[in-house]
Amino acid sequence: MNKYSNKLATLMLTAVLGTTSLPFTALHAEAASTSLSVQEIQQAVNKLSQLRVMHGYQDGSMGIQNQITRAELATMVVLTFGLQGKADKLASFTDVNQNAWYYNSAAELVALDIMQTKDGRFDPQGTVTDAEVVQIVSKALNRDAKSVNYWMERFYSDNSNATRGEVAYLLEIAHQAIPSANAKITSVHALNAITLIVTFDAPLTAENEVFAKAKEDFVFNDGLTLTNMPRLKTGSISTYIVPTSVQQPGTTYSLTYKGQKAGTFVGNATKLAMTEARQVANDTFELEALKANGVVDYGYVISAYSAGRGANAFVLDENNSADGKTYQIISSGQAREVTITPAGGQPIVAKYVPFTQSTDGKQEPKFRLPEGQVLTPGVTYTVTSDWAQIANPTFVAKDIPPLEITEAEAISETSITVTLSEDPGDELFSGRSVELTDTEGNKLVATYKYSSRKGAVGVFALTQAGKLTKGTAYTVTPVGEWAGKSKAELTVE
């Protein structure tokens, strides 16, 4: 596939290092045939020139249609993201003189594992494919590759080499996506009853995204709270999905960020459209949502998770649309609750089981009854929620035979693997614990490490600084009835 359109335009550029403006009346004309407009390329080149990232050739041209070389790309990437001096030790090459104008940049990026070499050769005059540019920029920016690919989608082709003009366009966007400790909110609105869409003038630093810090920084009135960390949308520059406690419809909320007034929004009455409630274990049930119905879990559309979700990950635009469909977003399930009521009985509050809302390509957050309680077989239960509208909210409980623990093995002094009789899915392992009892009756407790499941095997970490003792035999049993009365023997070598 040819990434260039047949449309030709004349671009007049005379950029030199430090130039602040590149007018169309410049002397050296270059024919631009990419799918990017003349104005877009000029704007990008102007910006990079002002940042002292890009400069022209000796004849005054910018060579925007020239295939970019590895030497040129290395220099532009280092300057764009301020990577000078970031490597502990510069790499060395068999084909580059240390006096070469690009040596430090190339050696920096190779040392940082942002660019690669083959047999010690940097190949400075070699060209760079679009796919290689995606990987290099995503590593340099520490941003997911799907976002960088999205920024390039108008000219990207798997089998094409990148041009200087295209790289300038990409780097101008990527420069805007550099995190800032001083980021300020530019807009905020409520997408649904538990989700805000908040845009900043720059992405947050990792430190400012941490939940404990974010909860201090995001302050609301009328009892509204942050329920988990803000998550950067895949493909956006600095727009975040922000989970909140349930908003009161029609209430005007004020948001203060880091002590500064950041805007107001009105509580949203929109509940998430869930299709069905169904039992998955004797104490656990799930709520299903379908992308086909225009509902997507945030796990598939945030930058932090995109690499691990494979083909299920995608990009929503600024209107939360993709492929002609507009989506509602299920934000974090952390601290969510629903009510489950048995026919003729009293309501029971069930809590979300962490890390179960978008697993295995599905959208089925799990909820569990309070410790020690189970669903009664034959009884009809109805699930209700103040944040979800469930199309089929009832089910008849049945007795689901628990899977048994068949094997346990120590993998370190502080963790073990537990194998069940068959793959349980996250709805059974998540939130579970086992007890380890030695021959003298001493006990240790280990809890499931979220997202560690590989088929029927899950990793459990010892709690309260517990450690296994070498040469000791333990009996491993479930805490509660989640694995029935099963047990396994474990000897620490």
Side-chain angles (χ1 to χ4, degrees), residues 3 13-19 22 28 30 34 41 44-45 47-143 145 148-149 151-152 155-175 177-178:
K3 66 181 172 181
L13 297 170
T14 57
V16 293
L17 189 63
T19 297
L22 299 172
H28 295 279
E30 301 180 53
T34 74
I41 295 177
V45 173
K47 181 63 176 179
L48 295 190
S49 296
Q50 292 166 12
L51 294 170
R52 304 181 70 81
V53 168
M54 188 176 187
H55 61 86
Y57 298 130
Q58 289 183 348
D59 64 0
S61 69
M62 291 301 294
I64 61 167
Q65 290 195 89
N66 294 350
Q67 293 180 355
I68 196 166
T69 67
R70 284 170 56 84
E72 291 170 336
L73 179 61
T75 301
M76 291 174 67
V77 167
V78 165
L79 293 174
T80 296
F81 302 115
L83 299 177
Q84 304 93 325
K86 296 297 183 181
D88 293 332
K89 182 180 180 182
L90 294 180
S92 59
F93 312 110
T94 60
D95 61 340
V96 177
N97 188 301
Q98 291 190 10
N99 294 323
W101 58 269
Y102 54 84
Y103 170 78
N104 282 353
S105 295
E108 195 88 53
L109 293 192
V110 171
L112 293 171
D113 195 33
I114 293 172
M115 292 185 74
Q116 309 300 318
T117 60
K118 185 176 182 180
D119 299 325
R121 295 178 57 84
F122 182 71
D123 187 20
Q125 298 309 311
T127 56
V128 187
T129 66
D130 286 354
E132 289 173 326
V133 170
V134 169
Q135 295 303 316
I136 290 167
V137 173
S138 65
K139 286 182 178 181
L141 183 57
N142 195 26
R143 186 71 185 265
V148 178
N149 210 146
W151 300 336
M152 294 175 64
F155 60 83
Y156 180 90
S157 177
D158 288 334
N159 301 317
S160 292
N161 292 328
T163 68
R164 283 167 55 87
E166 291 165 346
V167 170
Y169 174 83
L170 171 62
L171 290 182
E172 194 274 329
I173 295 174
H175 185 266
I178 297 174

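Fair warning: this is a prediction, and the values are worked out from it, not measured in the lab.
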Value for OG1 (Thr127) from CG (Leu73), rounded to nearest 0.5 Å, stands at 11.0 Å
Measuring from atom CD1 of Ile68 to atom OG1 of Thr163, what distance do you get when rounded to the nearest 0.5 angstrom?
8.0 Å
Any side-chain heavy atom of Pro124 within less than 4.5 Å of one from Thr69?
no
So does Asp95 have more than 12 non-hydrogen atoms from other groups sitting under 6.0 Å from CG?
yes
Residues which pass side-chain contact (heavy atoms from CB on, under 4.5 Å) with Ile173, listed by chain and number, not counting sequence neighbours
Trp151, Tyr169, Ile237
For side chain to side chain contact (heavy atoms under 4.5 Å, CB included), just list the numbers for Met54 and Val45, CA-CA rounded to whole Å, side-chain angles, deciding distance to a tenth of an Å, and then say yes or no.
CA-CA 7 Å; Met54 188 176 187; Val45 173; 4.1 Å; yes
Between Asn97 (side chain) and Asn99 (backbone), is there a donor-acceptor pair under 3.5 Å?
yes
Sorted by chain and residue number, the salt bridge (charged side-chain N to carboxylate O under 4.0 Å, His left out) partners of Glu108 (sequence neighbours excluded) come out as none
Which pairs of donor and acceptor atoms, one on a side chain in residues 75-94, lie under 3.5 Å apart (sequence neighbours left out)?
{"from": "Thr75", "atom 1": "OG1", "to": "Ala71", "atom 2": "O", "distance (Å)": "3.1"}
{"from": "Thr80", "atom 1": "OG1", "to": "Met76", "atom 2": "O", "distance (Å)": "2.7"}
{"from": "Thr94", "atom 1": "OG1", "to": "Gly120", "atom 2": "O", "distance (Å)": "3.4"}

Smallest separation among heavy atoms of Thr117 and Phe122, with atom names:
CG2-CA, 4.1 Å
Can you give me every donor-acceptor pair (side chain of residues 132-139, partner residue at least two apart or in another chain, under 3.5 Å) with its distance?
{"from": "Glu132", "atom 1": "OE1", "to": "Thr129", "atom 2": "N", "distance (Å)": "2.9"}
{"from": "Glu132", "atom 1": "OE1", "to": "Thr129", "atom 2": "OG1", "distance (Å)": "3.4"}
{"from": "Ser138", "atom 1": "OG", "to": "Val134", "atom 2": "O", "distance (Å)": "3.0"}
{"from": "Ser138", "atom 1": "OG", "to": "Gln135", "atom 2": "O", "distance (Å)": "3.0"}
{"from": "Lys139", "atom 1": "NZ", "to": "Asp113", "atom 2": "O", "distance (Å)": "3.2"}

As an exercise, state the distance from CG of Asp130 to CG of Asn161, rounded to the nearest 0.5 Å.
7.5 Å
Nearest heavy-atom neighbours spanning Ala177 and Leu141
O-CD1, 3.6 Å
Could you check whether Asn104 and Tyr102, counting side-chain N and O atoms only, form a donor-acceptor pair closer than 3.5 Å?
no
Which heavy atom in Ala44 sits nearest to a heavy atom in Ala168, and how many Å separate them?
CB-O, 3.6 Å
Pairs meeting criterion salt bridge (charged side-chain N to carboxylate O under 4.0 Å, His left out) with involvement of residues 66-78, two or more places apart
Glu72-Arg164
